[in-house]
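Everything numeric here is computed off the predicted structure, so don't read it as measured data. Indexing begins at 1, ligand by ligand and atom by atom, following the structure's order.
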Amino acid sequence: MQIGLVGLPFSGKTTLFQTMTRTHLDEATLARQQTNVAMVKIPDARVDKLAEFFNPKKTVYTSIEFVDVVGLKKGDHSSTQFTGAFLGSVKTNDALMHVVRAFDDPLYPHPEGSIDPSRDVAILETEFLLSDLAMIENRIEKLRKQVQKQQDDKLKRELVILEQFQQTLEAEKPLRTLEMDPRDTALIKGYQFLTLKPVLVVLNLEDGAMADRDRLVAELQEQYGENGIAVDAFFGKIEMELAQMEDEDAAEFMKDYGIEESALTRIIRAAYEMLGLISFLTFGEDECRAWTIRRNLHAHEAAGAIHTDLMNRFIRAEVVHFEDFVTHGSIQACKDAGQWRLEGKEYIVQDGDMLTIRHG
Ligand SMILES: Nc1nc2c(ncn2[C@@H]2O[C@H](COP(=O)(O)OP(=O)(O)OP(=O)(O)O)[C@@H](O)[C@H]2O)c(=O)[nH]1
Ligand SMILES: [Mg+2]
């Protein structure tokens with residue numbers, strides 16, 4: 001799972017990257033203007049709790065890869081500056097975090113000359129939309145010729161989908177607003193359309209805007225919600241400092257500033273939800289671990305996330321929900337209380353399920 005950080009120059013992408021990955025990039029690295037990549041462990045209090053209980057040899061969290069995408073040139077702000085390399089790099093990301101600047105700082109002039117988050121969201125969205133549209137127009141032309149020559153149901157279906165996409169984009173709607181049949185999704189997956197990717201807009205607010213945070217987020221959400229965009233916010237400058245402190249100092253600092261939860265925890269969780277992901281848990285004296293899967297997977301598919309053998313030789317899943325486990329205190333107590341179940345391969349795995357896979 002890979003999330004790309006995108007946004008206009010000086011919006012705070014690298015700041016957010018350093019906050020979430022808890023890394024510190026030195027001046028020389030920053031000056032190189034390279035793409036930064038890091039895996040981020042998904043904090044999960046349930047895994048901690050299981051580890052406390054089972055005292056395993058190994059505790060494993062799931063992780064997401066974050067990419068600080070470069071490609072928009074400094075000081076350039078006409079739309080032509082969205083280079084092919086930038087768009088190409090964004091294509092391979094599973095989802096996007098769009099960092100939008102809401103802080104003012106004369107040292108780093110905003111490339112558009114003023115602070116206007118709503119406008120900035122639109123700039124990138126429009127650029128992505130035009131890129132998808134160009135690709136679709138190109139492809140439709142070729143497909144029409146092909147379909148005339150050969151009777152191929154798949155190609156015909158593809159043409160129908162792309163024509164629908166074209167209409168949507170021409171109405172200035174991103175593709176993620178369309179309801180789609182999973183079979184159609186599979187058919188057009190190879191195109192990696194930009195406006196089909198889930199987007200979380202992250203407003204980069206200045207320290208003084210603490211009290212306005214919820215209002216500013218709600219305003220943008222109101223405006224862009226119907227385009228399938230989620231909105232969150234962070235305080236770039238102070239939260240980056242926070243991420244680089246020892247835990248104790250950070251706790252003190254957060255109290256002083258009235259921050260309840262660090263951006264690290266909150267935004268990572270928002271990203272997780274945006275991607276439609278859930279976690280199930282495995283446990284024992286060897287290992288307690290969280291696994292990431294898409295929502296609505298069957299038990300045998302979830303088993304496949306652990307190992308393909310477990311999917312192929314799946315018999316049944318023993319299931320206890322984490323909340324029930326905490327309530328009753330042990331697997332045996334869950335059994336006694338009727339909270340332990342044996343499920344077949346069609347069972348839809350829920351977030352927080354503790355699974356033991358029986359296999360042949
Ligand atoms: N005052 C203030 N400065 C910030 C804030 N967030 C980031 N900055 C500063 O703004 C400058 C640009 O931030 P970056 O994180 O490098 O922005 P970027 O989007 O990665 O920029 P490019 O990679 O050059 O496109 C840095 O010097 C940051 O320290 C903030 O919330 N408040
Ligand atoms: Mg940067």
Side-chain angles (χ1 to χ4, degrees), residues 2-38 40 65-83 85-90 93 96-117 119-121 123-125 127-128 199-214 216-217 220 231-245 250 253-254 256-259 262-264 266-267:
Q2 194 185 58
I3 300 185
L5 297 173
V6 297
L8 294 177
F10 293 153
S11 53
K13 300 177 293 292
T14 304
T15 301
L16 181 59
F17 177 84
Q18 294 181 88
T19 303
M20 287 192 302
T21 57
R22 293 189 92 156
T23 45
H24 179 73
L25 303 172
D26 56 39
E27 293 297 326
T29 310
L30 290 175
R32 252 179 267 136
Q33 282 281 306
Q34 61 189 7
T35 296
N36 305 301
V37 184
V40 174
E65 188 170 47
F66 284 94
V67 187
D68 178 10
V69 182
V70 293
L72 292 178
K73 286 193 207 134
K74 272 204 168 63
D76 294 327
H77 44 83
S78 77
S79 57
T80 54
Q81 294 306 324
F82 290 78
T83 61
F86 169 73
L87 295 173
S89 149
V90 174
N93 300 144
L96 305 175
M97 274 195 195
H98 181 175
V99 183
V100 176
R101 172 166 168 178
F103 70 89
D104 204 0
D105 189 339
L107 266 184
Y108 303 100
H110 190 296
E112 297 290 313
S114 64
I115 304 297
D116 183 348
R119 172 203 60 206
D120 291 355
V121 174
I123 289 177
L124 239 73
E125 281 289 300
E127 202 60 39
F128 290 166
V199 172
L200 177 69
V201 162
V202 184
L203 265 182
N204 185 4
L205 300 170
E206 51 197 16
D207 316 0
M210 211 66 96
D212 297 329
R213 184 204 136 113
D214 292 350
L216 293 168
V217 168
L220 263 198
V231 183
D232 205 330
F234 88 126
F235 302 90
K237 209 167 177 182
I238 52 176
E239 298 203 55
M240 182 163 80
E241 286 172 30
L242 193 59
Q244 285 158 10
M245 287 179 193
F253 186 89
M254 280 165 74
D256 288 349
Y257 273 93
I259 305 172
S262 73
L264 178 70
R266 199 188 58 247
I267 294 179

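- Close approach of ligand 1 to Leu205 (heavy-atom distance below 4.0 Å) involves ligand atoms 31 (O).
- Looking at Glu206 next to ligand 1, no N or O pair under 3.5 Å apart turns up.
- Excluding waters, the set of protein N, O or S atoms lying under 2.8 Å from the Mg ion (ligand 2) comprises Thr14 OG1.
- Close approach of ligand 1 to Thr15 (heavy-atom distance below 4.0 Å) involves ligand atoms 7 (C), 13 (O), 14 (P), 15 (O), 28 (C).
- Ligand 1 has no nitrogen or oxygen under 3.5 angstrom from a nitrogen or oxygen of Asp104.
- At a 3.5 angstrom cut-off on N or O pairs, Phe10 counts as close to ligand 1.
- For Gln18, the side-chain hydrogen bond (donor to acceptor under 3.5 Å, both in side chains) criterion is met by no residue, not counting sequence neighbours.
- Within the 4.5 Å cutoff, no side-chain heavy atoms of Val199 are placed close to those of Phe128.
- In this structure, NE2 in His110 is found 3.5 Å from CG in Asp120, a value given to the nearest 0.5 Å.
- Shown here for Leu16 and Met97, the closest heavy-atom pair between the two residues is CD2-SD, 4.1 Å.
- Considering backbone and side-chain atoms alike, Gly12 places an N or O below 3.5 Å from some N or O of ligand 1.
- Considering all non-hydrogen atoms of both residues, Gly12 and Val99 come closest at C-CG1, 3.8 Å.
- Contacts of Arg213 classified as salt bridge (charged side-chain N to carboxylate O under 4.0 Å, His left out), with partners at least two apart in sequence or in another chain: Asp232.
- In this structure, Gly7 has no heavy atom closer than 4.0 Å to ligand 1.
- Summarising the geometry of Val217 relative to Ala233, their closest heavy-atom pair is CG2-CB, 3.6 Å, with the distance given to 0.1 Å.
- Judged as a side-chain hydrogen bond (donor to acceptor under 3.5 Å, both in side chains), and not counting sequence neighbours, the contacts of Thr14 are Asp68.
- Here the CZ atom belonging to Arg101 is positioned 12.5 Å from the CG atom belonging to Asp116, to the nearest 0.5 angstrom.
- Within the 4.0 Å heavy-atom shell around ligand 1 one does not find Leu5.
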